[in-house]
Protein chains: 2
Amino acid sequence: MYGVQLSTGYGAPVVDQARRAPLNRDRVLAAAVGLADAGGIESLSMRRLAQELGVVPMALYKHVSDKDALLDGMVDAVLGEIEPVTPGSDWRTAVQQRVLSARRAVLRHPWARKAIESRTSRSPVVLDHMEALAAAFRAGGFSADLTHHVLHTLGNRIWGFSPELFDAPHDPAAPVPSPAEQEVRSAEFGRRFPTVLEIAVTATRGDLGAVGGGCDEQFEFEFALDLLLDAFDRLREQGWSSAADPRRGGA
Amino acid sequence: MYGVQLSTGYGAPVVDQARRAPLNRDRVLAAAVGLADAGGIESLSMRRLAQELGVVPMALYKHVSDKDALLDGMVDAVLGEIEPVTPGSDWRTAVQQRVLSARRAVLRHPWARKAIESRTSRSPVVLDHMEALAAAFRAGGFSADLTHHVLHTLGNRIWGFSPELFDAPHDPAAPVPSPAEQEVRSAEFGRRFPTVLEIAVTATRGDLGAVGGGCDEQFEFEFALDLLLDAFDRLREQGWSSAADPRRGGA
DNA sequence: AGGCTAGGTGTACGGCGTACAGCTGTCAAC
DNA sequence: GTTGACAGCTGTACGCCGTACACCTAGCCT
């Protein structure tokens, strides 16, 4: 609409500032990541993205086959931020480095968790990450068999996150209940879910209403990761094999 | 449109078969679950659901506040299928029973995994499940502290599923590559991702192209569950406490 | 008889992803 | 220098979505 006719007639325009640099897949992905970083994944639409890039929505389809491909590309972009492991590390540090680096990348982009969970792609970037992790285990003396099951057990933790079990994001628009009402609710809650309450009290060290009163996700993550790595190590030492596993009908 | 005027005038209609039984929340939820079971969660829209119930879309909003609430209700419906634990079980069997029962429920509804992951609700049904699990651990001698971290570590596995790491659902519409092309691709793949390939070969016992050639998810699930329960047991025996954990600055 | 209410209807709005048919500026081949 | 292919962008349109709002209707309570 606006810049279109600036370059018609009268030879080449002297300053062509009105002409955008041509789009390409990377610019599209970068803009999409930026938009999602700023407004959450659900605020990302092809139309808004196009607007952001000063372009008509259909222009995007020359660089990205559809919205699914866009999301795949965005996930790849985030996962591309994972740093390579310092060479010569033992298997345990290698795995930890890689996984914790993935975690940092994912935490930089709050929408990435959801996006990763919703994808079922095995792009080269994804496979690179898996390859690196698998190779670390193999080099550390894990059998291919054990490595396979160990990766399954790590599950989404290889992407640097575990599910948010308890933290419901606090809705700031929710009406603040009166103290009396709060009292009643807590009492009811405690009657019906005494153990959950006990745990919540323990986790928050007593002040349930604390502002950031969720769990320490970083601690939980590292706790689980170490627990798993210890358990894996034990299996490796024992020479575990699925063929000999009772679940598989083994000895 | 069709049945509307059947009951106008002429007193009470003799047979009122044209008048639907009035909707209610449970009927709405049941129909939604049915629709999702049949066509996947992405084929579930308020409009389709209304049509299924022989009603205009807006009628649903008298029973469900919006689509999010519908999804919450559907998840609750699935989780409501979890069977209670046989009383008197030790903590380990109790946890296993409950978790494996959740798994069966979720497997009955293929869309449930995605739906559960996308929810951030802590409905009574959800809390009931957590309470039961937490109580089992507590009764088994786990401290509230340890129980908390243990639940985090189980993560989504308390809902009976772990992420699909490798299984991309096979797209039947994808063009079948020629054997020669297949050969080339495998070679490239093996060069770039040798460990991943090795693992895939191991997991499928050699026949990579096998029809159901994915992983044995049930085995992976039970493997991980047992591994975790063993590790938890060890911590319990050792009297683990987060205060004494090195990550927490403890001794 | 009169009004209240729960449940169902009809219409409409603003958003979405994307198919399809142009247009236009660039550049290689002649 | 003309021509034609082609990559990149535009414009329009379609069918879908969730849901706000105003309305109607039947049954019930007083």
Side-chain angles (χ1 to χ4, degrees), chain A residues 1-14 16-29 31-32 35-36 39-74 115 118, chain B residues 1-14 16-29 31-32 35-36 39-74 115 118:
Chain A
M1 261 291 194
Y2 303 103
V4 168
Q5 15 208 47
L6 287 183
S7 59
T8 62
Y10 302 111
V14 184
D16 206 346
Q17 50 189 353
R19 167 153 266 96
R20 281 173 286 83
L23 241 46
N24 60 45
R25 192 179 148 88
D26 282 349
R27 289 223 303 130
V28 169
L29 289 181
L35 227 53
I41 194 76
E42 66 287 337
S43 84
L44 174 71
S45 72
M46 296 302 270
R47 297 172 123 100
R48 243 201 277 275
L49 177 55
Q51 194 174 20
E52 186 77 10
L53 289 163
V55 118
V56 96
M58 285 312 291
L60 301 175
Y61 288 83
K62 296 288 180 187
H63 306 281
V64 146
S65 67
D66 60 5
K67 195 180 180 186
D68 264 10
L70 178 75
L71 287 167
D72 284 344
M74 292 170 65
S118 75
Chain B
M1 262 290 195
Y2 303 103
V4 169
Q5 14 207 48
L6 287 182
S7 59
T8 60
Y10 303 112
V14 183
D16 207 347
Q17 50 189 353
R19 165 155 267 95
R20 283 174 283 83
L23 241 45
N24 60 47
R25 194 178 147 88
D26 282 348
R27 288 222 306 130
V28 169
L29 289 180
L35 227 52
I41 195 76
E42 65 285 339
S43 84
L44 174 71
S45 73
M46 296 301 271
R47 298 172 122 101
R48 242 200 278 275
L49 177 54
Q51 193 174 21
E52 186 76 12
L53 289 162
V55 119
V56 98
M58 287 311 293
L60 301 176
Y61 288 82
K62 298 287 181 188
H63 307 281
V64 146
S65 66
D66 59 6
K67 197 182 179 182
D68 263 11
L70 177 74
L71 286 167
D72 284 342
M74 291 169 66
S118 75

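No experiment lies behind these values; they were computed from the predicted model shown. Per chain, numbering begins at 1; letters A, B, ... match sequence-line order.
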Exercise for review: Please examine the side chains of A/L71 and A/M74, heavy atoms only from C-beta on, and report whether any two atoms are closer than 4.5 Å.
Suggested key: yes

Review point. What are the two closest heavy atoms between A/A31 and A/L53, and how far apart are they?
Key: CB-CD2, 3.7 Å

Check your understanding: Hey, what bend do you get for the helix from C/dA1-D/dT30 to C/dC30-D/dG1 if you fit axes on five pairs at each end, rounded to 10°?
Key -> 10°

Review point. Hey, which of these two, B/P57 or A/K62, hits DNA chain C nearer its 5' end, going by closest nucleotide?
Key: B/P57

Review point. Which atoms form the tightest heavy-atom contact between B/A32 and B/L70, and what is the distance?
Key: CB-CD1, 3.9 Å

Review point. Yes or no on side-chain contact (heavy atoms from CB on, under 4.5 Å) for B/K62 and B/L23, after CA distance, side-chain angles and deciding distance?
Key: CA-CA 9 Å; B/K62 298 287 181 188; B/L23 241 45; over 6 Å; no

Check your understanding: Atom CD of A/Q51 and atom CE of A/M46: how far apart are they, to the nearest 0.5 Å?
Key -> 14.0 Å

Review point. What integer distance in Å separates A/D68:CG from C/dG17:P?
Key: 11 Å

Check your understanding: Nearest-Å distance, CG (A/L60) to C1' (D/dA7)?
Key -> 16 Å

Point to revise | Distance below 4.0 Å between B/H63 side-chain N/O and C/dA6 OP1 or OP2 | key: no

Study note, to complete from the structure: Separation of C/dG7 atom C1' from B/N24 atom CG, nearest Å, is 12 Å

Check your understanding: What are the two closest heavy atoms between B/P57 and B/A50, and how far apart are they?
Key -> CA-CB, 3.4 Å

Review point. In Å, rounded to the nearest 0.5 Å, how long is the span from CZ of A/R47 to CG of A/L60?
Key: 11.0 Å

Any protein N or O atoms within reach of nucleotides 11-16 of chain C? Criterion: under 3.5 Å, listing atom names and distances.
residue, atom, partner, partner atom, Å
C/dC16, OP1, A/S45, OG, 2.9

Exercise for review: Work out which heavy atom in B/V64 is nearest to a heavy atom in B/R25; give both atom names and the distance.
Suggested key: CG2-NH1, 4.0 Å

